[in-house]
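Working notes, beginning with the structure itself.
Per chain, numbering begins at 1; letters A, B, ... match sequence-line order. Bear in mind that the values here come from a model prediction, so they are computed numbers and not experimental data.
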Number of protein chains: 2
Amino acid sequence: MLKLSKLTDYAVVALVRLGQKNEVTTSPVLSRSTGIPEPTVAKVLKILATQGIVTSQRGARGGYRLAHPLEEISIASVIQAIDGPISLTTCVDGGDCDARSTCGLGGQWDMVNAAIRNALSAITLADMKNHTVIDRLGGLQAPSMPSGPAATA
Amino acid sequence: MLKLSKLTDYAVVALVRLGQKNEVTTSPVLSRSTGIPEPTVAKVLKILATQGIVTSQRGARGGYRLAHPLEEISIASVIQAIDGPISLTTCVDGGDCDARSTCGLGGQWDMVNAAIRNALSAITLADMKNHTVIDRLGGLQAPSMPSGPAATA
DNA sequence: GCTAATTGGACCGGAACAGTACTGTTTCCT
DNA sequence: AGGAAACAGTACTGTTCCGGTCCAATTAGC
């Protein structure tokens with residue numbers, strides 16, 4: 001249902017919390033302060049470390065730390081780190097579309113995909129912490145349907 | 001990985017095809033002209049009928065027909081009809097967030113969600129048929145990262 | 001009134017994901 | 001040098017959801 005995985009949600013929460021304290025923090029501490037189960041938060045941080053979002057310090061007194069300030073980490077980065085590349089359909093980016101010849105809409109999905117990616121790239125973790133999203137995107141919280149006759153869900 | 005279901009993809013293809021012929025069309029015919037398996041296209045049309053995107057005519061000589069012109073059907077409508085409401089996280093729109101008190105980012109996901117929904121609502125099925133998306137959204141296909149230091153995937 | 005064609009709704013199998021646990025490696029402190 | 005603390009990697013299990021199939025209800029035409 002066009003929803004991102006829970007892991008991504010957890011990742012954002014953990015990263016924002018990590019950005020608030022500007023020091024090396026361990027998984028258990030992050031687990032306690034966020035409410036995320038300890039093994040899960042560890043897993044998330046682990047993935048984020050491999051993607052360069054956070055840096056890890058092994059051994060005793062180790063932990064994780066943000067590799068970049070919150071302002072420089074976009075939501076899109078986190079999503080791509082956890083869930084993989086943002087590809088709405090398999091056709092996007094040269095995927096093997098079994099009905100490419102008959103479907104009629106050449107690479108139009110790429111445009112939709114780009115629109116999403118652009119919207120996600122415009123929002124940073126700092127925007128999630130503060131409440132500055134409204135200012136930067138200006139009224140995006142308007143009712144979704146432009147002329148909305150269909151899908152009254 | 002933030003990808004929408006195949007059914008939604010099929011739905012868009014079927015709807016665009018349905019919009020090209022402006023008459024009642026049966027599932028088998030749509031299946032042949034789109035390359036989508038017959039049972040699948042039938043299922044998709046079925047769902048779209050319940051959501052009011054298409055109107056159905058039962059019995060012999062029945063079939064489906066668009067309830068609105070392609071220009072009035074947004075991608076968001078189709079996604080919501082097939083995949084359900086666009087909710088990136090469970091927190092969105094009053095969902096039960098088990099860690100609402102500790103996660104720290106109140107309803108910030110709503111903003112992200114709204115951004116996505118807005119981007120999706122700006123694109124209609126007519127845009128998918130023609131290639132007018134670029135004109136209407138103006139350069140959304142730019143490289144995603146704004147300052148992109150992280151997630152070099 | 002009967003037959004054929006077509007939609008409507010329910011059911012089932014399979015894949016993907018979330019979450020958990022375990023073991024190994026690295027580093028600090030005593 | 002020894003022990004403890006913490007990350008790194010791998011494997012496993014349970015659940016959820018998607019995708020596809022089958023049967024029942026309905027209507028036009030003869």
Side-chain angles (χ1 to χ4, degrees), chain A residues 1-14 18 23-32 34-67 79 81-84 87-90 98-99, chain B residues 1-11 13-14 18 23-32 35-65 67 79 81-85 87-90 95 97-99:
Chain A
M1 50 181 99
L2 195 66
K3 76 171 174 46
L4 41 82
S5 66
K6 254 185 188 175
L7 274 301
T8 305
D9 189 358
Y10 290 156
V12 172
V13 174
L18 203 54
E23 55 187 13
V24 176
T25 312
T26 67
S27 299
V29 171
L30 244 64
S31 170
R32 274 189 291 275
T34 57
I36 304 170
E38 194 170 322
T40 302
V41 71
K43 183 179 188 175
V44 170
L45 268 305
K46 223 175 299 181
I47 298 173
L48 292 175
T50 64
Q51 300 297 319
I53 307 274
V54 299
T55 58
S56 63
Q57 176 67 31
R58 298 184 65 155
R61 304 292 292 257
Y64 295 97
R65 200 159 41 84
L66 287 182
I79 294 176
I82 302 289
D83 279 354
S87 305
L88 261 55
T89 66
T90 53
D98 52 349
Chain B
M1 51 180 101
L2 195 66
K3 75 172 177 45
L4 41 81
S5 66
K6 252 186 190 173
L7 274 302
T8 305
D9 190 359
Y10 291 158
V13 174
L18 202 56
E23 54 187 12
V24 176
T25 311
T26 67
S27 299
V29 171
L30 245 67
S31 170
R32 275 189 291 276
I36 305 171
E38 194 170 322
T40 303
V41 71
K43 182 179 189 174
V44 169
L45 268 306
K46 224 174 298 181
I47 299 173
L48 292 174
T50 64
Q51 300 298 320
I53 307 273
V54 299
T55 58
S56 62
Q57 177 66 31
R58 297 185 65 157
R61 303 295 292 257
Y64 294 97
R65 199 159 42 84
I79 293 176
I82 301 290
D83 278 356
S87 304
L88 263 55
T89 65
T90 53
C97 182
D98 52 351

Closest to the A:Ser5 side chain, choosing from C:dT20, C:dG8, C:dC17: C:dC17
A:Tyr10 side-chain N/O to C:dG19 phosphate OP1/OP2 under 4.0 Å: yes
Sugar-phosphate only, base, or nothing, as touched by A:Pro37 at under 4.0 Å among non-hydrogen atoms: sugar-phosphate
Sugar-phosphate, base or nothing in reach of A:Leu45, heavy atoms under 4.0 Å: nothing
Atom-to-atom span, [atom1] of [X] to [atom2] of [N] - whole angstrom:
X	N	atom1	atom2	result
B:Glu38	D:dG20	CD	C1'	13 Å
A:Leu48	D:dC7	CG	C1'	14 Å
B:Glu23	C:dT6	CD	C1'	16 Å
A:Leu4	C:dA16	CG	P	19 Å
B:Lys43	C:dA10	NZ	C1'	11 Å
B:Ile47	D:dT21	CD1	P	15 Å
B:Ile36	D:dT21	CD1	P	14 Å
B:Asp9	D:dG20	CG	P	12 Å

Under-3.5 Å donor-acceptor pair between A:Lys6 side chain and C:dG19 base: no
Close side-chain approach of B:Leu7 and B:Thr40, heavy atoms under 4.5 Å: yes
Toward the 5' end of DNA chain C, by each residue's nearest nucleotide, A:Lys46 or B:Ser27: B:Ser27
Spacing of A:Tyr64 atom OH and A:Thr25 atom OG1 [to the nearest 0.5 Å]: 11.5 Å
Atom pair CG/CG of A:Leu2 and A:Leu88 - distance to nearest 0.5 Å: 6.0 Å
Of residues 55-65 of chain A, the positions that come close to DNA chain C - non-hydrogen atoms, cut-off under 4.0 Å: A:Arg58, A:Gly59, A:Ala60, A:Arg61
Angle of first-five versus last-five pair axes in the helix from C:dG1-D:dC30 to C:dT30-D:dA1, to 10 degrees: 20°
A:Leu48: which of A:Thr55, A:Leu18, A:Ile53 passes side-chain contact (heavy atoms from CB on, under 4.5 Å): A:Ile53
Residue among A:Leu30, A:Thr34, A:Ile36 satisfying side-chain contact (heavy atoms from CB on, under 4.5 Å) with A:Tyr10: A:Ile36
Side-chain H-bond candidate by donor/acceptor type, A:Asp9 with B:Thr89, under 3.5 Å: no
Any residue meeting side chain to side chain donor-acceptor pair (under 3.5 Å) with A:Thr26, in chain and number order, not counting sequence neighbours: none
Under 3.5 Å: donor-acceptor pair, side chain of A:Ser56, backbone of A:Val54: no
N/O donor-acceptor pair under 3.5 Å between B:Asp83 side chain and B:Ser5 backbone: yes
